[in-house]
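Each remark here refers to the structure printed beneath this line.
Below, read A as the first sequence line, B as the second, and so on, with proteins coming before strands; counting in each chain starts at 1. Values reported hereafter were calculated over all heavy atoms of this structure, with side chains retained and with hydrogens, waters and symmetry mates removed.
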Amino acid sequence: MPELPEVESIRRSLEAHLVGRKVVRVRIERQDIVCAPSGGSHLDLLASSHIKSLRRHGKQMAIIADDRRALVIQLGMTGRMHLMPKGRHLRGSDARHCHVKWLLDDGTRLIYQDSRRFGRLTPCASVDHLEDRWSQLGPDALLARPERLRNQLVKGQRAVKAVLLDQRRIAGVGNIYADEALFGARLNPMRPLDSLSEPDRHRLVHHVRVRLRSALRHGGTTFSDHRTPDGSVGSWGSKRQVHGRRGAPCVNCAHPLSSGTVASRTTVWCDRCQA
DNA sequence: CTATGTACCTGACTGC
DNA sequence: TGCAGTCAGGTACATA
């Protein structure tokens, strides 16, 4: 379940292998994960382009070609990118649900796999279309200045967790890190946003950033699906303090953690520590 | 504006 | 061992 740290670790891994490579051939096995192109009627997925850079905003990633074309990659819940050196192949269950394959000029294959097919690939005619698209999202939770993020958490009565998950407010926070950051900031997930004080918002943004950075250092959270393209797993999962620990003792006060649905998502929190 | 609900999907897990 | 049922959650869209 890729959130920002998972996507960023994938981006870095792909950047190291893809920049400077030329796409020789693209094979689309399933058309339904490819979205209508932004800014062009029949764009392919970077066929015969040279790859110039890889960018990320929130949970979205983009491959940028030197002809200014771009390909947006949203991994959804179970999307993975595999990098297979020449001669090596995916085996067993990893060989299933491979929807798009790119052959590169050094013989490497890049493979987009997504068992649940919540992910999407969107071709953009130019980086301008990419910028347009990303301007609809809030500031990136890791790249933006904390002050800017705090300002995104000012107006409204929605539950603070619902706002954290809203990618138009802040881009990159998903269910796991939302729960973890709210626990760190000692804020109840159901608190209406405009009941937060300035120090509350300060703590919340601080904890969002701390958790995301910490997870990134550890290669992301792994407890089911996440892999970097070279197949390694993230190790941050064991540092979770609330997510997936319903009923287990709070790490602060040992009171059993509560759970329920907030913003139509499974949510875990401590009744005693999070007011 | 906000809040809620549903659809999209498959794999992992639980209980019988 | 099998099989039905439940759960997981990112995103888009419809509904109230």
Subject >> Inter-nucleotide P distance (B:dT6, C:dT6), Å rounded >> reply: 15 Å
**OP:** Nearest whole angstrom, please: distance from the C1' of C:dC13 to the CD of A:Q136.
**Re:** 16 Å
Original post:
Looking at C:dT11, C:dG10, B:dG11, which one has an atom nearest to any side-chain atom of A:E3?
Top reply: C:dG10
**OP:** Nearest whole angstrom, please: distance from the C1' of C:dG10 to the CD of A:E6.
**Re:** 13 Å
Original post:
Taking atom P of C:dC13 as reference, at what distance in whole Å does atom CZ of A:R120 sit?
Top reply: 11 Å
Original post:
Nearest of B:dT10, C:dT11, B:dT2 to any side-chain atom of A:R158?
Top reply: B:dT2
Subject >> Whole-Å distance separating the NZ atom of A:K59 from the C1' atom of C:dA12 >> reply: 14 Å
**OP:** Using a strict 4.0 Å threshold on nitrogen-to-oxygen distance, state whether A:R133 and A:E131 make a salt bridge.
**Re:** no
**OP:** Round to the nearest Å and state the distance from A:Q157 atom CD to B:dA3 atom P.
**Re:** 8 Å
Subject >> Short side-chain N/O contact from A:H97 to OP1 or OP2 of B:dC9, under 4.0 Å >> reply: no
Subject >> d(CG, A:D32; P, C:dT11) in whole Å >> reply: 18 Å
Original post:
When Watson-Crick pairs (N1 to N3 and N6-O4 or O6-N4) and G-U wobble pairs (N1-O2 and O6-N3) count only below 3.5 Å on both distances, what is the dot-bracket string of DNA chain C, with | for other-strand pairs?
Top reply: .|||||||.|||||||
Subject >> Within one Ile-Leu-Val-Met-Phe-Trp-Tyr cluster: A:I73 and A:V7, side-chain cutoff 4.5 Å >> reply: yes
Subject >> Among B:dC9, C:dG10, B:dG11, the nucleotide that comes nearest once only the side chain of A:R117 is considered >> reply: B:dC9
**OP:** Report yes or no: do A:T267 and A:K161 form a side-chain donor-acceptor pair below 3.5 Å?
**Re:** yes
**OP:** Could you tell me whether A:G156 contacts a base, only the sugar-phosphate backbone, or nothing, with contacts defined as non-hydrogen atoms closer than 4.0 Å?
**Re:** sugar-phosphate
Original post:
Are A:F118 and B:dC8 stacked, counting the six-membered base ring, centres under 5.5 Å, planes under 30°?
Top reply: yes
**OP:** Quickly work out the A:L75 CG to B:dC8 P distance and round it to whole Å.
**Re:** 22 Å
Original post:
Would you say the side-chain atoms of A:E180 and A:H243 include a donor-acceptor pair closer than 3.5 Å?
Top reply: no
**OP:** Give a yes/no answer on whether the side chain of A:R96 brings an N or O atom under 4.0 Å of OP1 or OP2 in B:dG11.
**Re:** yes
**OP:** Tell me which of A:S264 and A:K155 sits closer to the 5' end of DNA chain B, going by the nucleotide each one is nearest to.
**Re:** A:K155
**OP:** Would you tell me whether A:Y177 and A:D179 have side-chain atoms, one donor and one acceptor, within less than 3.5 Å of each other?
**Re:** no
**OP:** For the residue pair A:L121 and A:V72, establish whether any side-chain heavy-atom pair is separated by less than 4.5 Å.
**Re:** no
Original post:
Which of the following nucleotides, B:dG11, C:dA8, B:dC9, is nearest to the side chain of A:T266?
Top reply: C:dA8
**OP:** Calculate the interatomic distance between A:R168 atom CZ and C:dC13 atom P; express it in whole Å.
**Re:** 12 Å
Subject >> Any donor-acceptor N or O pair under 3.5 Å, side chains A:D271, A:W269 >> reply: yes
Original post:
Do A:S135 and A:D132 have side-chain atoms, one donor and one acceptor, less than 3.5 Å apart?
Top reply: no
